[in-house]
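Since the structure comes first, as structure tokens, the remarks are kept for the end.
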Amino acid sequence: MKDGKNKEIKVSILFTPARIGAMELENRMIRAASHEGLADWRGRPTDEQFLFYKGFIKGGIGLIITGYAGIMQSGKSALFHMTMIDSDKLIPFHKRLVDKIHQIGGKIVLQIAHCGRQTWSSETGKPLLAPSAIQCGFYREKPKEMNEEDIHTVIESFADAASRAREAGYDGVQIHGAHGYLLSTFLSPHSNKRTDKWGGPPENRFRIVGEVLKAVRKNVGMNYPVLIKLNTFENASDGTNPEECVLISKMVEETGCCDAIELSCGTSEDGFVMARGDFPTKAIFNYLRPYCNYNPLVKFFMKTFVAPFVKIKQPPFSEGYNLDASAMVKQAVSLPVITVGGMRTKRFMEEAIVAKKTDFVSMARPLIREPNLPNKFKNGITESASCVSCNQCVVASDTRSIRCYYKEAKTN
Ligand SMILES: Cc1cc2nc3c(=O)[nH]c(=O)nc-3n(C[C@H](O)[C@H](O)[C@H](O)COP(=O)(O)O)c2cc1C
């Protein structure tokens, strides 16, 4: 490319267009799904949610993937004010949001999810569902082992949710198959101990995901972008690992029903594996419900005298911590690969794409702090995100709407 004076300008690969199925994106930067906590009491998207997304569009993002939207009441998140897509009555509210996004030139994909065992029945009003009756180490509520009927209901509910997303005008859907939520618990040998056709070898653990992909594709048609998010790693000796993720990704591709794979890691019981960085003990006592519910005196004592000394062993933060696993997946499949997790500097992201380790990069925490980061990169205002991965936004999502909390409380 040349400027006005006919000088060569080197265009960053980050700002070159690329496709996900039938969807053409202006650049390679994606806003990764991040629960917003901005829906109303019934899970309807709000004007505030639109204004929040508008920041990313004005900031130059190629695509927004929404925070997870619940496909059915039994899969509703325990986090603050989840968006829902479990009823046709919600379609007009989603359509209003999507129309406004399109009017200002944005692209938006709805992430659809069932929270499985990572929620509480006090939130869902229904028993928790999981492949096996094993509780999550964080939520600590024993789920029901799903029977055939439950499994087929979930498959149909994913497909119905995708139809609603399409009707509302979303540019695509992303199936949440990561982070310890329902589909991810089927994929992982750590949480799936079944001995029937839905458990055991990888082909069986993948079966529900394959069925969901096929049912979604059947409902939305061939040209509608369908994405999936998968885990490359879980912090358990019998959990998902990169080799297993390669196998699963190949199976995703073989269904012929998916247009892109996003790669992440971690579950709720893993602590800060998905979102690596600080272990924000003080924020945990400020915002997280199991700890917020303490008597104020006990809470004050814990925050002041105990939290500063709590040290928990977590995998350390390193830039693009899922990239090596992504590169393995990218070599094994021809579907576009999106990598999330610790993407912080322009140069690192460019090199990752040039080295063909990933096709797109996606970011969650950096864009909460700087929704205009893509434009800042493009205009040479900065080379690096200012997010310090303090993880207060992650903890606060339990009881608060999304924003950067960095300046409010010091982390340990
Ligand atoms: C506040 C917050 C909420 C999140 N909610 C979701 C979600 O709804 N769905 C999802 O797939 N990932 C969710 N994530 C995980 C991110 O998409 C991403 O995988 C993780 O934060 C690592 O990327 P980062 O280093 O760019 O933050 C959330 C992350 C944060 C910080």
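First listed ligand is number 1; within each ligand, the first listed atom is number 1.
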Verify ring pair (Phe, Tyr, Trp, His ring centres under 6.0 Å) between Tyr287 and Tyr405, making sure each step is shown before the conclusion. CA-CA 11 Å; Tyr287 306 125; Tyr405 288 80; 5.1 Å; yes
Residue pair Tyr181, His114: steps toward the ring pair (Phe, Tyr, Trp, His ring centres under 6.0 Å) verdict: CA-CA 6 Å; Tyr181 294 109; His114 187 295; 9.5 Å; no
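Residues passing the salt bridge (charged side-chain N to carboxylate O under 4.0 Å, His left out) test with Arg369: none are found, sequence neighbours excluded.
A distance limit of 4.0 angstrom between heavy atoms and ligand 1 selects the residues Ala32, Ala33, Ser34, His35, Gly67, Tyr68, Gln111, His176, His179, Lys229, Ser264, Met274, Tyr321, Val340, Gly341, Gly342, Arg344, Met363, Ala364, Arg365, Pro366, Cys393, Val394.
We find that Arg289 and Asp398 are joined by a salt bridge, their nearest charged nitrogen and carboxylate oxygen being less than 4.0 Å apart.
Note that Arg44 lies in the cation-pi zone of Phe93, set by a 6.0 Å cut-off to the ring centre and a 45° limit from the axis.
Relative orientation of the Phe272 and Phe279 rings is perpendicular, given thresholds of 30° and 60° on the angle between their planes.
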